[in-house]
There are 2 protein chains.
Amino acid sequence: MGIRADYVTRPREWIASILAREPRFLSAAQIHQGLERVGARVSLSTVYRTLDRLQAKGDITARPDADGEVTYMLCEPSRHHHHAICRACGRVEDVDCAAMEQFAESLRALNGFELDGHAIEFFGKCGACR
Amino acid sequence: MGIRADYVTRPREWIASILAREPRFLSAAQIHQGLERVGARVSLSTVYRTLDRLQAKGDITARPDADGEVTYMLCEPSRHHHHAICRACGRVEDVDCAAMEQFAESLRALNGFELDGHAIEFFGKCGACR
DNA sequence: ACCTCATTTGCGAACTATTCGCAAAAATCC
DNA sequence: GGATTTTTGCGAATAGTTCGCAAATGAGGT
Ligand SMILES: [Zn+2]
Ligand SMILES: [Zn+2]
Ligand SMILES: [Zn+2]
Ligand SMILES: [Zn+2]
């Protein structure tokens with residue numbers, strides 16, 4: 001009568017398969033729509049709960065888009081890297097951290113990506129807080 | 001009888017002064033609380049409307065925090081630069097873009113900032129979309 | 001296959017952040 | 001101060017997300 005956690009269920013498989021085939025950040029609502037389009041009836045609550053689970057497991061990365069709506073993508077946050085996001089189609093390509101210095105050139109060379117902007121945030125402790 | 005726009009009002013002055021004295025990203029609710037603490041009674045709607053105005057004028061930068069709540073800071077987005085955000089106190093220091101290559105060293109040298117993480121996103125057009 | 005029981009799901013309600021409509025208040029100009 | 005326009009506050013509306021709970025489903029044992 002211990003805990004028998006981690007059931008394999010249809011909704012979870014369906015949601016994972018939606019994420020697996022889309023190399024872009026998707027909102028919970030978009031995933032829900034994707035499920036409907038495939039004929040998989042899953043409630044929005046379950047989508048949210050499953051996304052929370054996947055994030056806790058470290059299988060997906062979450063990121064609020066410009067409007068603050070949270071979006072999710074299959075991507076291991078533990079393997080440190082960055083993202084190149086297509087302004088037109090939203091496609092996300094992983095960018096190795098070492099390539100950061102020559103980012104413009106290496107992006108174009110490696111993926112044919114035409115860079116037109118970037119956003120960087122550094123985190124740490126300021127002088128006062130150290 | 002032309003348009004006589006851009007009134008100078010108490011609420012706008014109060015909100016600007018809250019932003020002026022805080023070198024960190026604040027949510028609309030936090031600004032509203034800051035106003036109350038100073039005895040300035042301003043509705044939350046006005047806070048939102050004023051923030052929209054300031055953003056349209058290019059005086060402040062908005063950024064959704066990790067939970068998707070939008071936060072604002074006095075900072076000209078037109079002057080291209082990045083931010084170093086203190087994990088402990090939230091203090092934001094501007095980082096010149098050119099310094100990006102040697103970011104860890106220059107950050108520590110310039111501001112005594114102890115870097116322990118960063119987030120980067122590149123934008124543009126992927127090979128398929130060009 | 002069937003039974004049992006823990007886990008998961010769906011539903012609707014609750015909650016939170018943000019926006020909107022409109023009448024009352026404030027700012028500007030004369 | 002009076003006329004006119006903009007801004008404010010309020011409460012209602014909206015949108016994204018979370019919660020509670022009864023019903024459905026998955027896992028394990030027989
Ligand atoms: Zn990734
Ligand atoms: Zn593309
Ligand atoms: Zn700045
Ligand atoms: Zn600090």
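In what follows, every chain begins at residue 1, and chains take the letters A, B, ... in the order their sequences are listed. These numbers were taken from a predicted model, which means no experiment stands behind them. In what follows, every heavy atom counts, from backbone to side chain, and hydrogens, waters and symmetry copies are set aside.
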ILVMFWY network linking B/I60 to B/V42, side-chain heavy atoms under 4.5 angstrom: yes
Between P of D/dG16 and CG of A/L26, the distance in whole Å: 15 Å
OP1 or OP2 of D/dT7 under 4.0 Å from side-chain N/O of B/T46: no
hbond_proxy A/R49 side chain to C/dG10 base (donor-acceptor, 3.5 Å cutoff): yes
Whole angstrom value for the distance that separates P of D/dT17 from CD of A/Q55: 12 Å
Distance, rounded to the nearest Å, where A/R53 contributes CZ and D/dT17 contributes P: 19 Å
Euclidean distance, atom NE2 of residue B/H32 to atom P of C/dT16 [Å, nearest integer]: 16 Å
B/L54 CG to D/dT7 P, straight-line distance once rounded to whole Å: 12 Å
d(OH, B/Y7; P, D/dT4) in whole Å: 12 Å
Side-chain-base donor-acceptor pair under 3.5 Å for A/R12 and D/dG26: no
Nearest-nucleotide comparison on DNA chain C, the residue closer to the 5′ end among B/G68 and B/V8: B/G68
Spacing between B/I15 atom CD1 and D/dT8 atom C1', to the nearest angstrom: 11 Å
Minimum side-chain heavy-atom gap A/D59-A/E76 below 4.5 Å: no
B/F25 side chain near B/D65 side chain, heavy-atom distance below 4.5 Å: no
Sugar-phosphate only, base, or nothing, as touched by A/S45 at under 4.0 Å among non-hydrogen atoms: base
Side-chain donor/acceptor of B/H81 to backbone N/O of B/R79, under 3.5 Å: yes
Under-4.0 Å side-chain N/O to phosphate OP1/OP2 contact, A/Y48 with D/dT17: yes
Side chain B/Q30, main chain B/S27, donor-acceptor under 3.5 Å: yes
A/T50 vs B/R10, nearer the 5' end of DNA chain C by closest nucleotide: A/T50
DNA chain D: 5'-proximal contact among B/S43 and A/V70 (nearest heavy atom): B/S43
Interatomic distance, A/L51 CG vs C/dT8 P [rounded to whole Å]: 15 Å
